[in-house]
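The structure appears below as structure tokens.
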Amino acid sequence: MNNGREQTAYDAIVVGSGPGGVVSAALAAQRGLRVLLAEKNAKAGGKMMTVSRDGFTYDLWPRCQVPVTGNAFETVFATLGVSDELGACLDPTSTEPAIEMKYRRPGERNYRGAAFPQAMADPTPFFNLWGISAEEQERAVTLMTELAIMDKAEVDKLDAVTMHDYLSGKDISAALYGYMAFHSNASLAEPIDLVSAGEQIRILQQIMLSGGGGSYRGGFGHLSDVIAREFERHGGKLVTGARVERIIVENGRAGGVVLDGEPVRAPIVISNAGLQPTVIKLVGREHFEASYFDAIGKLVPGWGFTASRYFLNRKVTKVPMLVAYSDETWWNLERYERFCSGEIPDEVIVFATVVDNYDPEAAPPDKQCIIAGTICPPDPEVAGVGALHQRVDRMFETQWPEIWSAIEHREYAGPAQISATSRDSVLPGQGGECVGLAQIVGQCGADKPSVESPIDGLYYVGADAGATGMGTHSAALSGIMVADLITRRHRESVAAQG
Ligand SMILES: Cc1cc2nc3c(=O)[nH]c(=O)nc-3n(C[C@H](O)[C@H](O)[C@H](O)COP(=O)(O)OP(=O)(O)OC[C@H]3O[C@@H](n4cnc5c(N)ncnc54)[C@H](O)[C@@H]3O)c2cc1C
């Protein structure tokens, strides 16, 4: 008996091999499910893809891992039995400088600089950079301590409050508010007046307690490469350069996908293509309740980030992470709107990773590679991205002249390229978001979209659904959740078939 369902070559089809997709596929294959993983790009990884060119191995985007220890990839690698291949870089307990920060105080023309280790128990270097009074320092310590020790239930309650609203009730200096606003841009790719306080505090706690600037030997893409390899070793079939055009839904149930014009059947479909592209484009309005479909269309995409990839003719810096900001350069909704209406700011925030200071083999011995960027809208067609690239260049020219003078080759990318390597644009202004639906208030905690869709057999996986935390970590957590769910469902279905 087949329970009214036809026999298929696959138990599950996964659409897309970003961290969420590849994790769910590999864990399901390891548990014996027959899984097809279809990826439109030439290789796995989605937005955490790493490329190798001309002796350099680099992530396409400036990126770091939070938390450094105890993250979802550790769990996945352990489950797959390949922990020795994780290759985590940067010891969070090291006292070596890990971050070089430039900050321009209000009213001053020049930036000041300081370098901090990962584990920074003493906030004095921050306070010196900001130039805040002893009383402001004391209040800053009080707030940071409150955040560090806040218990889970309290943090969860703040999922429904923006970080701006949360901080507005606190007596803190403009410098500390500015740092939080910068952090919401640089770490979460969102503005402080849209980001969920619960999510930002969770991430701050992880940074404080488990480290916040991690990466991997071979880049983040090494993780997806190993997981994809294990997926195939467990019998999974990975097809790359293969775009899923449609998810087949029949009688309210997922039945497979249309892949390069051909139907491929399976009773379970897991989409890593983004919640909005999945619902709006791959499945379509006719298969959902109107209220659900409309609610998905109203979800707010997170913001994008630019990439300026600098290839240097010599080694200039020993620090893995470079950042620069001032209280005039972080973006809230108002500054974002100003940019969207054509007002290009003179200066921008900069977040950059020096890839060979994480992994010495990521660049030829006498060269260096820096992946830098700044916050930008997620709209793949937004005007002004070129101007943002110029502003990032100018920040390097003025703040890190020794790096600027060593650049022999540059590459630029922005939301159009983010969209091309990950999710389709199916709504005006959407497609080039860094994280996806991200940590935006109203879409987190109890309001976070579930990994289970209203369509029987259709699941969402990735940063959009189910989990919490920074992009890659939350996407991988979502992959673990979905693998558990579909394995259970598959086993029940097999048991029911006798
Ligand atoms: C500039 C930038 C900086 C970032 N910085 C950080 C950081 O510092 N730390 C961090 O943790 N995260 C960071 N992120 C976010 C992180 O990369 C994402 O949150 C994460 O990759 C999302 O994973 P995902 O599983 O949701 O899928 P994605 O990475 O979005 O991958 C989706 C996959 O599905 C495929 N796909 C889509 N549609 C189809 C289709 N129709 N058919 C077949 N395949 C399809 C895509 O090609 C892609 O491979 C950053 C992202 C960007 C862009």
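Atoms within each ligand, like the ligands themselves, are counted from 1 in listed order. Positions are given from 1 along the sequence.
- One option in Pro19, Gly18, Gly462 has a heavy atom closer to atom 23 (O) of ligand 1 than any other, and that option is Pro19.
- Atom OG in Ser196 sits 10.0 Å away from atom CD1 in Ile440 (nearest 0.5 Å).
- Against a heavy-atom cut-off of under 4.0 Å, Gly20 is close to the following atoms of ligand 1: 25 (O).
- Not a single donor-acceptor pair under 3.5 Å links the side chain of Glu230 to the backbone N or O of Ala228.
- Considering Lys40, His473, Arg63 only, the shortest heavy-atom separation from atom 44 (N) of ligand 1 involves Lys40.
- For atom 38 (N) of ligand 1, the nearest non-hydrogen atom of the protein is Ala273 CB, 3.4 Å.
- Scanning the protein heavy atoms around atom 42 (N) of ligand 1, the nearest turns out to be Val244 N, 2.9 Å.
- The distance from atom OG of Ser419 to atom CG of Asp379, rounded to the nearest 0.5 Å, is 9.5 Å.
- A donor-acceptor pair is defined here as one N or O able to donate and one able to accept, closer than 3.5 Å; no such pair exists between the side chain of Gln200 and the backbone of Gln439.
- A salt bridge does not link Arg488 to Asp484: none of the charged nitrogens lies less than 4.0 Å from a carboxylate oxygen.
- Using a distance-only test at 3.5 Å, with no hydrogens or angles considered, a donor-acceptor pair links the side chain of Glu199 to the main chain of Gly469.
- Those atoms of ligand 1 with a heavy atom of Trp61 less than 4.0 angstrom away are 1 (C), 2 (C), 3 (C), 53 (C).
- At a heavy-atom cutoff of 4.0 Å, ligand 1 is contacted by the side chain of Ile418 but not by its backbone.
- What sits closest to atom 27 (O) of ligand 1 on the protein, heavy atoms only, is Asn272 ND2, 3.4 Å.
- Taking atom 26 (O) of ligand 1 as the reference point, the nearest protein heavy-atom neighbour is Ala463 N, 2.9 Å.
- In this structure, the protein non-hydrogen atom closest to atom 34 (O) of ligand 1 is Gly16 CA, 3.2 Å.
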Quiz item: How far apart are the C-alpha atoms of Phe220 and Trp61, what are their side-chain angles, what is the distance that settles it, and do they pass the side-chain contact (heavy atoms from CB on, under 4.5 Å) test?
Solution: CA-CA 10 Å; Phe220 273 73; Trp61 310 101; over 6 Å; no

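- With respect to Asp260 and Arg243, no salt bridge is recorded, no charged nitrogen being found less than 4.0 Å from a carboxylate O.
- Under the 4.0 angstrom criterion for non-hydrogen atoms, Arg243 is in contact with ligand 1.
- Checked by distance only, ligand 1 and Asp424 stay at 3.5 Å or farther apart across all their nitrogen or oxygen atoms.
- Comparing heavy-atom distances from atom 47 (O) of ligand 1 across Lys43, Lys47, Glu39 singles out Glu39 as nearest.
- Annotation: atom 12 (N) of ligand 1 to nearest protein heavy atom, Thr472 N, 3.4 Å.
- The closest approach between any non-hydrogen atom of Ala242 and ligand 1 is below 4.0 Å.
- Scanning the protein for heavy atoms near atom 9 (N) of ligand 1, the closest one is Cys64 O, 2.8 Å.
- Ion pairing between a basic and an acidic side chain is recognised when a charged N comes within 4.0 Å of a carboxylate O; Glu397 and Arg394 show no such pairing.
- A salt bridge is defined here as a Lys NZ or Arg NE, NH1 or NH2 lying under 4.0 Å from an Asp or Glu carboxylate O, and Glu232 with Arg229 fails to meet this definition.
- Of the protein's heavy atoms, Ser422 O, 3.2 Å lies nearest to atom 37 (C) of ligand 1.
- Of the heavy atoms in Thr421, only backbone atoms (N, CA, C, O) come closer than 4.0 Å to ligand 1.
- A salt bridge does not link Lys318 with Asp356: none of the charged nitrogens is closer than 4.0 Å to a carboxylate oxygen.
- For atom 5 (N) of ligand 1, the nearest non-hydrogen atom from the set Gly471, Gly302, Cys434, Pro62 comes from Pro62.
- The residues Arg489 and Asp456 are annotated as salt-bridged, a charged nitrogen and a carboxylate oxygen being separated by less than 4.0 angstrom.
- Within the listing of ligand 1, atoms 47 (O), 49 (O) sit less than 4.0 angstrom from a heavy atom of Asn41.
- For Glu411 and Arg53, the salt-bridge test passes: some basic side-chain N is under 4.0 Å from an acidic carboxylate O.
- In terms of polar-atom proximity, defined here as any N/O pair under 3.5 Å, Val15 makes no such contact with ligand 1.
- The shortest N or O to N or O distance between Phe305 and ligand 1 is not below 3.5 Å.
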Self-check item: Derivation and outcome, salt bridge (Lys or Arg N to Asp or Glu O under 4.0 Å), residues Asp464 and Lys448
Solution: CA-CA 8 Å; Asp464 280 1; Lys448 181 92 184 180; over 6 Å; no

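- The shell of residues lying under 4.0 angstrom from ligand 1, judged by heavy atoms, includes Ala38.
- Atoms of ligand 1 lying under 4.0 Å from at least one heavy atom of Gly46, given by number and element, are 29 (O), 31 (O), 48 (C), 49 (O).
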